[in-house]
Protein chains: 2
Amino acid sequence: MLQKWKRLSSRPIFKSKWLSLFSRSYQLPDGKIVKDYYHVSRPNYVSVIAVNKKGAILLERQYRRGVDEVLYELPAGWVEKNENVLSAAKRELCEETGYTGRAEKIITLYTNPGFSEMKASVVMIRVTGRKQSRPGKDEAIKVGFYPIQKVTAMLKRNRLKDMVSVAAVGYFLLFVQEKQSS
Amino acid sequence: MLQKWKRLSSRPIFKSKWLSLFSRSYQLPDGKIVKDYYHVSRPNYVSVIAVNKKGAILLERQYRRGVDEVLYELPAGWVEKNENVLSAAKRELCEETGYTGRAEKIITLYTNPGFSEMKASVVMIRVTGRKQSRPGKDEAIKVGFYPIQKVTAMLKRNRLKDMVSVAAVGYFLLFVQEKQSS
């Protein structure tokens with residue numbers, strides 16, 4: 001029988017709005033106590049599969065400082081406090097690209113379940129319109145709709161490397177796409 | 001044209017073998033300087049798709065303290081210093097489950113490209129044998145081979161939530177499985 005661990009303490013090492021780091025101790029199911037297990041807290045985020053009427057998927061290209069590379073990605077962004085994931089997805093898509101549409105939750109994913117509770121919600125938005133986009137001050141983003149065949153080829157060749165984008169696009173191609181295009 | 005940012009400084013806030021946190025400043029392509037961007041360093045890891053002769057995939061169930069849940073996952077583990085990803089995948093699979101086999105790299109994924117260089121390599125291992133397993137001291141793991149149809153259903157119903165497992169299994173079902181079973 002797989003049992004949960006019991007958290008005994010959580011000592012903050014660093015706290016900020018966007019990232020907090022804790023050192024935690026736990027009691028294991030066999031009674032043993034383990035210490036200095038690091039835990040990272042970051043806000044939850046959304047990853048958006050925006051699909052236009054032709055069934056093409058919106059991809060962004062942007063510089064990502066963590067890996068110091070320009071990457072292809074789905075639109076994504078943090079979920080604000082007291083915001084639901086569908087609203088967050090619509091807000092992020094509109095801010096980054098100007099596109100608007102109907103939102104539908106697809107799946108929930110844990111990014112780093114070993115050391116963080118951070119959760120990504122994958123949301124599909126069927127694009128129906130476009131407003132003026134208002135990218136954030138540091139966001140230099142190239143945006144384009146890519147036909148399914150092209151996205152499939154990019155995924156296959158590992159030109160998509162962003163993990164949440166790979167998970168979301170893979171799921172979409174396997175389980176959502178046919179319903180969508182019919 | 002999408003340009004990289006120039007890193008000006010990286011101040012360590014916390015350092016340990018398993019996790020380090022930095023506060024970084026950058027110069028943006030337009031010359032502006034931004035400060036206090038957090039960066040998390042963790043070792044790279046491998047995610048293992050172990051396939052037996054019937055084409056079934058090995059899944060683990062284990063408690064994950066980051067999300068305080070028992071999850072289904074692919075076997076995974078850190079890559080040691082000076083270890084290549086195929087060796088790391090074979091070592092982790094054998095330690096956690098006892099299974100051995102031929103390893104082949106599938107894709108590379110960036111877990112958190114916005115704030116970490118952490119990289120996951122997805123490795124397929126065609127299982128050919130089994131040794132005594134030697135799980136790590138804190139690892140209570142249930143292991144089983146699941147037929148492709150079952151894994152597909154679990155993925156579809158979001159019973160797989162671990163992001164790297166969803167990305168890896170989705171990729172496998174889309175692009176690797178047919179070659180594998182032929």
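Remember, predicted model here, so these are calculated numbers, not experimental data.
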- Message: With a 4.5 angstrom heavy-atom cut-off, is it the side chain or the backbone of B:Ser116 that approaches chain A, or both, or neither?
- Response: backbone
- Query: Heavy-atom distance under 4.5 Å to chain A: side chain of B:Phe115, backbone, both or neither?
  - Reply: both
- Cut-off 4.5 Å, heavy atoms of chain B, and the answer for A:Tyr45 is side chain
- If one checks every heavy atom of B:Ile13 against chain A at 4.5 Å, the contacting part turns out to be side chain
- Message: Do A:Leu58 and A:Asn52 make a side-chain contact, defined as non-hydrogen atoms from C-beta onward lying under 4.5 Å apart?
- Response: no
- B:Thr152, B:Leu160, B:Leu109: which one forms the most heavy-atom pairs within less than 4.5 Å of chain A? B:Leu109
- Task: Select one option (side chain, backbone, both, neither) describing which atoms of B:Val169 are under 4.5 Å from chain A's heavy atoms.
- Result: neither
- Look at A:Leu173, A:Val40, A:Asn112, A:Ile106 and state which one has the largest set of heavy-atom pairs under 4.5 Å with chain B. A:Asn112
- Message: Which atoms of A:Ile107 are under 4.5 Å from chain B, going by heavy atoms: the side chain, the backbone, both sets, or neither?
- Response: both
- Item | Backbone of A:Glu83 reached by a side-chain donor or acceptor of A:Ser87 within 3.5 Å | no
- Message: Can you confirm whether or not the ring centre of B:Tyr38 sits under 6.0 Å from the ring centre of A:Trp18?
- Response: no
- Item | Residue selection (most heavy-atom pairs with chain A, distance under 4.5 Å) from B:Glu117, B:Arg157, B:Met118, B:Lys156 | B:Lys156
- Whether A:Ser165 side chain and A:Leu74 backbone form a donor-acceptor pair below 3.5 Å: yes
- Item | residues 65-73 of chain A: residues contacting chain B (heavy atom under 4.5 Å, by number) | A:Arg65, A:Gly66, A:Val67, A:Asp68, A:Glu69, A:Val70, A:Leu71
- Message: At a 4.5 Å cut-off on heavy atoms, which part of B:Ser16 comes close to chain A: side chain, backbone, both, or neither?
- Response: side chain
- For B:Lys17, enumerate each residue passing the side-chain contact (heavy atoms from CB on, under 4.5 Å) test, keeping only those at least two apart in sequence or located in another chain. none
- Query: Between A:Tyr26 and A:Arg7, is there a cation-pi geometry (under 6.0 Å to ring centre, at most 45° from the normal)?
  - Reply: no
- Quick one: list whatever passes side-chain hydrogen bond (donor to acceptor under 3.5 Å, both in side chains) with B:Tyr171, sequence neighbours left out. none
- Query: Do the ring planes of B:Phe22 and B:His39 sit parallel (below 30°), tilted (30 to 60°) or perpendicular (above 60°)?
  - Reply: tilted
- Message: I need the B:Arg130 CZ to B:Thr100 OG1 distance, nearest 0.5 Å.
- Response: 10.0 Å
- Query: Side chains of B:Ser41 and B:Leu19: does their closest heavy-atom pair fall under 4.5 Å?
  - Reply: no
- For the candidates B:Ala167, B:Ala120, B:Gly170, which exhibits the highest count of non-hydrogen atom pairs separated by less than 4.5 Å from chain A? B:Ala167
- Task: For residues 35-52 of chain B, pull every pair meeting salt bridge (Lys or Arg N to Asp or Glu O under 4.0 Å), keeping only residues two or more places apart or in separate chains.
- Result: none
- Query: Which region of A:Phe14, side chain (C-beta onward) or backbone (N, CA, C, O), has a non-hydrogen atom less than 4.5 Å from a non-hydrogen atom of chain B, or is it both or neither?
  - Reply: side chain
- Message: Any heavy-atom pair between the side chains of B:Ser25 and B:Tyr37 that's under 4.5 Å?
- Response: no
